[in-house]
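Only this structure's heavy atoms are used, side chains among them; waters, hydrogens and symmetry mates stay out.
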Amino acid sequence: MKLPASCDVAIIGGGPAGSLAATYLARAGYEVALLERDRHPRFNVGESLIPDFWRYCDEAGVSAKLEAEGFVRKAGGTVDWHGHTRRLAFKDFGYTRPALHVERDRFDWILLEHARASGAAVFEQVTAQETALGADGCRVECLRAGESRAQPLACRFVVDASGQNAVLGRRLGLRRIDDAFRFMSVWGYFRDSRYFGADGEMHPASKVREVPPTTYVTSLAETGRWGWSWHITMRASTSVGLVVPIAAAKAAKGERSWESYFLQVCRAQPRLAALLEGAELVDDKVHVIRDYSYRSTEVAGPGFFLTGDAAGFVDPIFSVGVVLSMYSARAAAWAIERSLRQPARTAEHQAIFSAQLQDRMELARTLALPQYELDGPASRQAKNVVQFSNRQARALLLAASGLTARSRHVQALLDEAG
Amino acid sequence: VESKELISLLGKYIAEEVATARPDAIPGPDVHLIESGLVDSLGLFKVIAFIEDQCGAKIDPEDIVLENFATLGAIATLVHRKQGRAAA
């Protein structure tokens, strides 16, 4: 398919934020061009989804396709934190729809194909080279893989949904590493790992359809009060990852390979080691990422919106990343639709989008930080989101925060929110 | 739009277009829209669009606090105030 010369909205990136923003806008009748650097299905991490994500997929009309895929339904969480085991079941909070463990290559692909089916023009293996942004219109230079000359695409708005690449945030100098979270993550995939069911018992990988798994989290004592690991059972493999302070990880790793460090830390956790007994690390390969916690000083400005991880990312601990991405996509699509209809009010709609998204990111930060100032302007942002949450959402927030020792102040936050 | 009319129009809109599960009755002016689950974080965007489009009230980011959106009555008060400011 040929790239158009112009469209209403250009979206950079075909992960959940980009595909959903494209879907919402295409369904509302706008011309959308989505530029995806890779060809789907492509690898992505972040396999655990809390049930809140269905709300955004319902709005996009893609829920039936996701249900038909048959992803692993998870029952809740099992957490070993500094010697205490705690469990959380989503059904106890009135959720009627399942939380999922998804292979992100499949999940993201379904969302991208749905954007295409909804009328968005989707271009794979096309990168957004240069971008000229402005309140009166934008231009994106689009380069197809294998070609040497970029083609200009004129549009009213550019949505950055480029994930951790944060294309616009970096170009515009908006991205700030969050110094409270100097972490790195090392993770890999295992075949034939056992898992913990909601009953607290260990089950073999083959039982995953009959006995729903929980997401298993354990604190890593050797990294002080901060580090932790995840264990997420999917259909054919299990994602296992460590989240550790960068300095501590480098010191502990020494001259060894990251694979060797990763396996040693996994084996040193008695219950995680029991789950992994006899399991095989796929391709003997681990992935490493650092400084993934950052925020953007602005998430919207003349001609542009930042969504998903391109706007910011906190910490994977409560599986809120994908849901926050989807929220940002819905909020950006709302602001864009309204701005295309009432251009004179664009700045106000962008301001509403920005305030709402920044508040939510602050709440995510509140949940993940062990020390948190409850009387600063930042906590007012988090409180504002809590006030707009219903009883079920607040109860889940409180229970989730009680699973680890990282978020004792969340109770205080809820109390103050009234 | 008069307050009473707004409460009735917006109540119907929330029941039919905003709530994820359709309620048995159209909410009255004092029903807590958030606690009752009728309006969530996404529904809020629809409500803002509705009152801007139907009432000509221009909503600013700082208006989006619970006091202004907890009930239909509170929303009507907000709209009244915003319209007054617009006219002044």
Side-chain angles (χ1 to χ4, degrees), chain A residues 20 24 28 51-60 63 94 96-97 300 323-324 326-339 341-342 344-345 347-360 363 380-381 383-395 417-418, chain B residues 10-11 13-24 27 30-75 77-79 81-83 85-87:
Chain A
L20 283 187
Y24 297 134
D52 303 47
F53 83 91
W54 288 109
R55 174 84 167 93
Y56 304 93
C57 295
D58 290 349
E59 287 251 333
S63 295
T96 53
R97 302 180 71 187
V323 172
L324 197 53
M326 291 179 166
Y327 173 86
S328 69
R330 188 68 202 91
W334 176 87
I336 290 169
E337 269 186 71
R338 297 198 60 70
S339 300
R341 281 167 46 199
Q342 301 176 303
R345 295 265 298 146
E348 286 86 348
H349 295 131
Q350 288 197 310
I352 290 176
F353 162 81
S354 298
Q356 293 294 309
L357 179 56
Q358 297 277 30
D359 285 3
R360 277 188 173 246
L363 179 63
R380 271 200 298 281
Q381 293 181 291
K383 252 176 261 172
N384 203 22
V385 180
V386 170
Q387 290 194 321
F388 277 105
S389 306
N390 64 24
R391 221 171 272 129
Q392 169 190 315
R394 284 188 197 204
Chain B
L10 182 56
Y13 176 72
I14 287 173
E16 289 172 2
E17 309 281 343
V18 176
T20 46
R22 194 153 177 177
D24 299 328
D30 300 324
V31 170
H32 201 296
L33 299 172
I34 313 297
E35 281 295 327
S36 63
L38 289 167
V39 176
D40 65 7
S41 52
L42 287 193
L44 189 61
F45 285 110
K46 291 185 184 174
V47 169
I48 294 167
F50 184 92
I51 57 183
E52 286 200 346
D53 294 344
Q54 302 299 316
C55 314
K58 291 182 166 56
I59 303 301
D60 297 309
E62 53 274 20
D63 296 326
I64 307 174
V65 291
L66 185 66
E67 300 91 277
N68 291 334
F69 286 88
T71 63
L72 288 167
I75 295 172
T77 306
L78 170 72
V79 168
R81 185 157 58 79
K82 300 306 275 191
Q83 285 171 329
R85 187 171 294 169

*Tell me, do B/V39 and B/F69 make a side-chain contact under 4.5 Å, heavy atoms counted?*
no
*Could you have a look at A/R391, A/Q342, A/R55, A/R394 and say which one has the most heavy-atom pairs with chain B under 4.5 angstrom?*
A/R55
_Residue A/S389 versus chain B: region with a heavy atom under 4.5 Å_ = backbone
_Less than 4.5 Å apart, side chain to side chain, heavy atoms only: is that true for A/H349 and A/W334?_
yes
*What part of A/Q356 is in contact with chain B, defined as an atom under 4.5 angstrom from a non-hydrogen atom: side chain, backbone, both or neither?*
side chain
_Side chain, backbone, both or neither of A/Q392 within contact of chain B (heavy atoms, under 4.5 Å)_ = neither
*Relative to chain B, which segment of A/A335 carries a heavy atom at a distance below 4.5 Å: side chain, backbone, both, or neither?*
neither
*Euclidean distance, A/N390 CG relative to B/D40 CG, rounded to 0.5 Å*: 8.0 Å
*With side chains defined as the heavy atoms from C-beta onward, is the minimum distance between A/D58 and A/R97 less than 4.5 Å?*
yes
*Looking at B/L66, B/I34, B/L42, B/V65, which one has more heavy-atom pairs under 4.5 Å with chain A than the rest?*
B/L42
*Are the side chains of A/Y24 and A/I336 in touch, meaning some heavy atoms are under 4.5 Å apart?*
no
*asked:* When you measure from the side chain of B/N68 to the backbone of B/D63, do you find a donor-acceptor pair of N or O atoms at a distance under 3.5 Å?
replied: yes
*Has the side chain of B/E52 got a donor or acceptor atom that lies under 3.5 Å from a matching backbone atom of B/I59?*
yes
*Do you know which of B/S41, B/G37, B/S36 has the most heavy-atom pairs with chain A at a distance under 4.5 angstrom?*
B/S41
*By a 4.5 Å heavy-atom criterion (distance strictly below it), what part of B/L44 contacts chain A: side chain, backbone, both, or neither?*
side chain
*Interchain contact, A/R330 with chain B, by part (heavy-atom threshold 4.5 Å)*: side chain
